[in-house]
Q: 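This is the structure I want to talk about, given as structure tokens.
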Amino acid sequence: MARKVLVLGEVRDGSLRNVSFEAVAAAKTVAEGGEVVGVLIGGSVNPLGAELVKYGADRVVTVESEKLAQYTPDGYSQALMAVIGEENPEGLILGHTALGKDLAPKIASRLSSGLISDATAVEVAGGNLVFTRPIYSGKAFEKKVVTDGLIFATIRPNNIAPLEKDESRSGDVSSLSVDIKDIRTIIKDVVRKATEGVDLSEAKVVVAGGRGVKSEDGFEPLKELANVLGGAVGASRGACDAEYCDYSLQIGQTGKVVTPDLYIACGISGAIQHLAGMSNSKVIVAINKDPEANIFKVADYGIVGDLFEVVPMLTEEFKKLKV
Ligand code: FAD
């Protein structure tokens with residue numbers, strides 16, 4: 001059954017985040033041959049519309065306003081509700097990002113709709129659209145079928161492959177004028193944590209350190225390895241609590257959920273709360289002095305040893321491969 005599906009693209013620092021393209025790919029499956037309409041909201045987003053089309057959107061609707069230059073749930077919900085009112089879609093896909101997690105429930109409640117949150121896959125099976133999502137902190141997966149009403153889902157970054165970019169694709173990019181009012185949140189300043197380089201939640205490679213790293217300086221070899229692999233540095237809560245690094249790096253139940261292609265856990269014991277944030281990574285490598293450490297139960301490759309010896313060796317070997 002062909003459907004019209006809206007996809008909210010996410011803009012950061014003037015560029016579309018990867019999850020936008022992954023959401024378009026998910027929307028293509030949901031549309032089952034119907035139309036995929038990208039939606040971009042922000043201060044100045046029109047120039048990015050063509051990019052969304054190259055990744056598979058059939059056309060794009062933008063809502064631009066100075067009041068939308070920064071994300072606020074009030075502003076974005078007004079803009080998105082206006083587009084939904086105009087387009088009357090049968091499907092709606094957002095990224096399961098900080099923005100998506102905040103905005104999607106608000107929109108679902110406004111529409112009196114259900115919401116499949118944090119989907120890691122979507123497919124057509126037996127004539128039904130089937131979404132897969134993790135439950136019990138990633139220990140199991142459930143399959144959800146929407147039988148009625150709007151098909152509304154947020155998708156976890158790094159799980160659904162984007163379509164290949166097609167430079168020859170073209171599609172209409174139109175703007176919708178929306179009178180944005182009643183923004184109750186005033187953003188006075190945006191304070192960015194100094195996380196240089198690759199965005200942790202979208203990184204293909206994550207090198208994470210735990211209490212075994214022993215100090216702030218102990219993270220340096222991990223940063224070097226992440227750098228060589230083009231990845232990001234993450235941490236356990238143990239390392240954050242010990243003030244070896246900032247909480248913005250924390251991975252786990254009360255931190256970020258990541259699903260990179262490669263997760264290298266260094267000096268992390270593998271507490272259940274940590275596993276909740278990384279156990280769905282595609283390949284897990286654990287480096288730990290303790291052969292009984294729980295992290296080895298989820299690891300594809302385990303290295304029993306001192307991380308301060310093993311990590312620099314890995315860095316040197318990866319450097320050779322890059323030459
Ligand atoms: P430890 O458990 O102390 O492990 C350190 C590991 O380093 C050990 O296995 C040790 O063998 C190894 N090691 C030491 N030196 C070396 C060396 N030189 N080389 C190699 N290995 C070495 N934790 C999270 O991570 N994320 C969360 O989101 C989170 N949320 C929580 C929520 C709640 C409600 C609670 C109660 C806890 C939460 N925790 C979370 C904390 C969690 O229970 C653990 O305490 C924490 O993950 C432990 O961090 P760690 O593995 O770095 O430290």
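One-based numbering, in listed order, for ligands and for the atoms of each. No hydrogens, no waters, no symmetry mates; every other heavy atom, side chains included, goes into these values.
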Q: For atom 19 (N) of ligand 1, what's the nearest protein heavy atom and its distance?
A: Leu307 N, 2.9 Å
Q: How would you list, by chain and number, every residue that makes a salt bridge (charged side-chain N to carboxylate O under 4.0 Å, His left out) with Lys256, sequence neighbours excluded?
A: none
Q: What protein heavy atom is closest to atom 48 (C) of ligand 1, reported as residue, atom name and distance in Å?
A: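 For atom 48 (C) of ligand 1, the nearest protein heavy atom comes out as Arg211 NH2, 4.0 Å.
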Q: Within this structure, what is the CD1-OG1 distance for the pair Ile186 and Thr72, rounded to the nearest 0.5 Å?
A: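 The distance works out to 10.5 Å.
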Q: What protein heavy atom lies closest to atom 44 (C) of ligand 1? Include the residue and the distance to one decimal.
A: Ala271 CB, 3.6 Å
Q: Going by the order shown, which atoms of ligand 1 are within less than 4.0 Å of some heavy atom of Gln253?
A: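 Reading through ligand 1 atom by atom, the close ones are 27 (C), 28 (O).
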Q: Determine, for Asp217 against Lys223, whether the closest basic-nitrogen to carboxylate-oxygen distance falls under 4.0 angstrom.
A: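 No.
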Q: So which heavy atom in the protein is nearest atom 5 (C) of ligand 1, and how far is it from that ligand atom?
A: Gly267 O, 3.5 Å
Q: Nearest protein heavy-atom contact for atom 43 (O) of ligand 1: which residue, which atom, what distance?
A: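 Going by distance alone, atom 43 (O) of ligand 1 is nearest to Gln273 OE1, 2.8 Å.
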Q: Between Arg133 (side chain) and Arg156 (backbone), is there a donor-acceptor pair under 3.5 Å?
A: no
Q: So, 4.0 Å and heavy atoms of Cys266: is ligand 1 close enough to count as a contact?
A: no
Q: Can you tell me which residue and heavy atom of the protein come closest to atom 32 (C) of ligand 1, and the distance to 0.1 Å?
A: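 Nearest protein contact, heavy atoms only, for atom 32 (C) of ligand 1 is Arg237 NH1, 3.2 Å.
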Q: Which atom pair, heavy atoms only, marks the closest approach of Gly100 to Thr154?
A: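 So the minimum-distance heavy-atom pair works out to O-CG2, 4.2 Å.
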Q: For ligand 1, indicate whether the residue Ser269 contacts it via side chain, backbone, both or neither (heavy-atom separation under 4.0 Å).
A: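 For Ser269, backbone and side-chain atoms both sit under 4.0 Å from ligand 1.
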Q: Counting heavy atoms only, which part of Ile251 comes closer than 4.0 Å to ligand 1: side chain, backbone, both or neither?
A: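 Backbone only.
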Q: Return the option from Gly212, Gly238, Ser236, Gly209 holding the heavy atom at the smallest distance from atom 52 (O) of ligand 1.
A: Ser236
